[in-house]
Amino acid sequence: MSLGPGKAFRKGISLIDAIHYFSDEPTAEAWFIEQRWPDGIRCPRCDSDSVHQRKNRKPMPFLCRDCRRDFSVKTDTVMQGSNLPLSKWAIAFYQISTNLKGVSSMKLHRDLGITQKAAWHMLHRIREAWDNGKDKFGGPVEVDEHYVGGKEHNKHESKKLRAGRGPVGKTPVVGIKDRETNQVRAEVIETPDKPTLQGFVHRNTEPDALVYTDEARAYIGIRRQHKAVRHSVGEYVRDMAHTNGLESFWAMLRRGHIGTYHKLSVKHLHRYIREFSGRHNDRPLDTATQLSKLASGVVGRRLRYSDLIGP
């Protein structure tokens with residue numbers, strides 16, 4: 001174990017240690033089993049603990065004596081149907097958890113010795129495992145919007161909208177950060193209008209929460225204590241009123257967009273937002289705890305390749 005740079009209170013895991021630990025399949029399988037069933041193996045279909053472990057492991061390692069169904073630690077998880085060894089899945093969990101700007105499918109395909117197509121599918125499946133919580137924030141909170149997409153002047157002539165500058169042609173994302181817990185939530189929206197933005201705030205905050213925003217008209221009349229800063233006249237901080245914490249989160253998303261992924265498609269943008277939010281929220285945890293939490297979230301979230309590329 002080593003201290004994680006930038007978060008000296010955390011216990012990190014070096015890449016060498018991670019590769020050494022997950023180097024063989026039995027160890028990786030035992031780790032995944034421990035994350036999923038810390039109190040002993042149970043049937044994923046009927047929840048029975050009457051489980052027979054086959055010595056020859058065929059057709060699957062485990063057999064439920066009650067419902068007579070075969071299963072493995074991959075059953076009913078994002079890993080179901082994957083022929084990739086669990087050791088490679090574990091290293092992928094490590095890579096995406098510890099790289100603050102994410103890891104591209106091209107890099108993962110080279111690191112794991114798998115196809116880029118398999119790496120792309122694997123990364124999207126892992127993103128499904130992050131749980132960013134549903135409890136309402138007590139505040140104070142910061143709320144702000146971000147726009148994801150290419151610049152108009154960089155687009156091909158046939159794709160230019162010729163409708164102005166700024167957020168034109170980009171996809172809006174709204175985010176909220178709780179200053180007390182440092183937790184972030186964000187979601188892709190269609191239009192940053194008053195019903196959408198105020199509805200997002202109401203769903204994610206307690207009624208008595210104090211909300212800080214910029215001067216966007218969509219926040220006027222919000223049913224919360226509300227203070228705003230006027231970015232349009234160069235005011236970014238007034239006493240405790242600012243959105244700098246959320247701006248820091250958007251900055252990390254931009255760096256991941258430009259430096260790692262290069263393109264975030266509208267179709268899958270919500271998955272990338274889930275990744276960056278989940279990684280931000282888990283960042284204060286020890287690396288081993290980050291991996292354990294992510295591995296525990298894979299259950300019940302299967303994502304087939306056909307569903308991923310479908311309309």
Side-chain angles (χ1 to χ4, degrees), residues 1-7 10-38 57 60-61 72-131 252 256 259-262 268 271-272 274-299 301-305 308:
M1 294 290 186
S2 60
L3 293 180
K7 294 284 183 179
R10 297 186 317 148
K11 289 185 177 179
I13 299 176
S14 71
L15 177 59
I16 292 176
D17 288 340
I19 293 174
H20 177 74
Y21 183 79
F22 294 119
S23 60
D24 62 273
E25 194 65 7
T27 301
E29 182 184 42
W31 182 79
F32 275 107
I33 289 174
E34 175 63 24
Q35 311 316 308
R36 183 172 186 179
W37 298 299
R57 303 176 61 80
M60 286 191 179
S72 72
V73 73
K74 292 181 179 179
T75 302
D76 192 32
T77 73
V78 298
M79 300 178 288
Q80 182 169 334
S82 171
N83 293 324
L84 297 175
L86 289 167
S87 56
K88 294 192 176 185
W89 274 99
I91 295 299
F93 274 58
Y94 174 86
Q95 291 278 64
I96 197 171
S97 295
T98 57
N99 285 281
L100 296 182
K101 302 177 187 68
V103 57
S104 70
S105 59
M106 285 299 295
K107 176 171 173 54
L108 197 66
H109 113 81
R110 290 191 296 265
D111 288 349
L112 298 184
I114 60 179
T115 66
Q116 185 272 334
K117 175 181 175 180
W120 183 77
H121 188 197
M122 173 186 270
L123 286 170
H124 276 311
R125 291 158 112 174
I126 295 175
R127 291 181 182 108
E128 293 292 309
W130 260 299
D131 182 6
M252 185 62 71
T260 300
Y261 296 119
H262 308 310
H268 300 298
R271 306 185 197 281
Y272 291 101
R274 185 183 188 122
E275 171 195 342
F276 278 86
S277 300
R279 188 165 48 234
H280 169 91
N281 294 338
D282 290 348
R283 192 180 176 192
L285 305 175
D286 294 344
T287 303
T289 307
Q290 291 178 9
L291 295 178
S292 177
K293 185 178 177 182
L294 190 58
S296 299
V298 301
V299 179
R301 296 179 178 177
R302 188 177 182 187
L303 181 62
R304 297 177 175 87
Y305 188 78
L308 194 58

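The model shown is predicted, which means the values in this text are computed figures rather than measured ones.
One N or O on the side chain of Y94 and one on the backbone of I13 form a donor-acceptor pair closer than 3.5 Å. Checking side-chain atoms of K88 against main-chain N and O of L112 turns up a donor-acceptor pair under 3.5 Å.
Across all non-hydrogen atoms, the minimal contact from S104 to L123 is C-CD1, 3.8 Å. Closest of all the heavy-atom pairs between I96 and R279 is O-NH1, 2.8 Å. Taking each heavy atom of S72 and M60 in turn, the nearest pair found is N-SD, 3.9 Å. In this structure, H268 and L308 approach most closely via the heavy-atom pair CE1-O, 3.1 Å. Between S105 and Q116, the shortest heavy-atom contact is OG-NE2, 2.8 Å. Of all the heavy atoms in I126 and A92, the pair that sits closest is CD1-CB, 3.8 Å.
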*Might you work through the side chain to side chain contact (heavy atoms under 4.5 Å, CB included) test for I91 and D111, ending with a clear yes or no?*
CA-CA 9 Å; I91 295 299; D111 288 349; over 6 Å; no
*I would like to know whether F32 and W89 meet side chain to side chain contact (heavy atoms under 4.5 Å, CB included); could you show each step before the answer?*
CA-CA 10 Å; F32 275 107; W89 274 99; 4.0 Å; yes
*Passes side chain to side chain contact (heavy atoms under 4.5 Å, CB included), T77 versus R36? Steps please.*
CA-CA 10 Å; T77 73; R36 183 172 186 179; 3.3 Å; yes
*asked:* Does R57 form a side chain to side chain contact (heavy atoms under 4.5 Å, CB included) with E29? I'd like the steps, not just the answer.
replied: CA-CA 13 Å; R57 303 176 61 80; E29 182 184 42; 2.6 Å; yes
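The cationic atom of K117 (NZ for Lys, CZ for Arg) lies less than 6.0 Å from the six-membered ring centre of Y305 and within 45° of the ring axis.
Note: W31 and F93 have perpendicular aromatic rings, judged against thresholds of 30 and 60 degrees for the angle between ring planes.
The closest side-chain donor-acceptor pair between W130 and D282 falls under 3.5 angstrom. A donor-acceptor pair shorter than 3.5 Å can be found between the side chains of S87 and E25. H124 and R127 share a side-chain donor-acceptor pair at under 3.5 Å. Using a 3.5 Å distance cut-off with no hydrogens or angles, the side chains of T27 and D24 do pair a donor with an acceptor.
L86 places none of its side-chain heavy atoms less than 4.5 Å from the side chain of F22.
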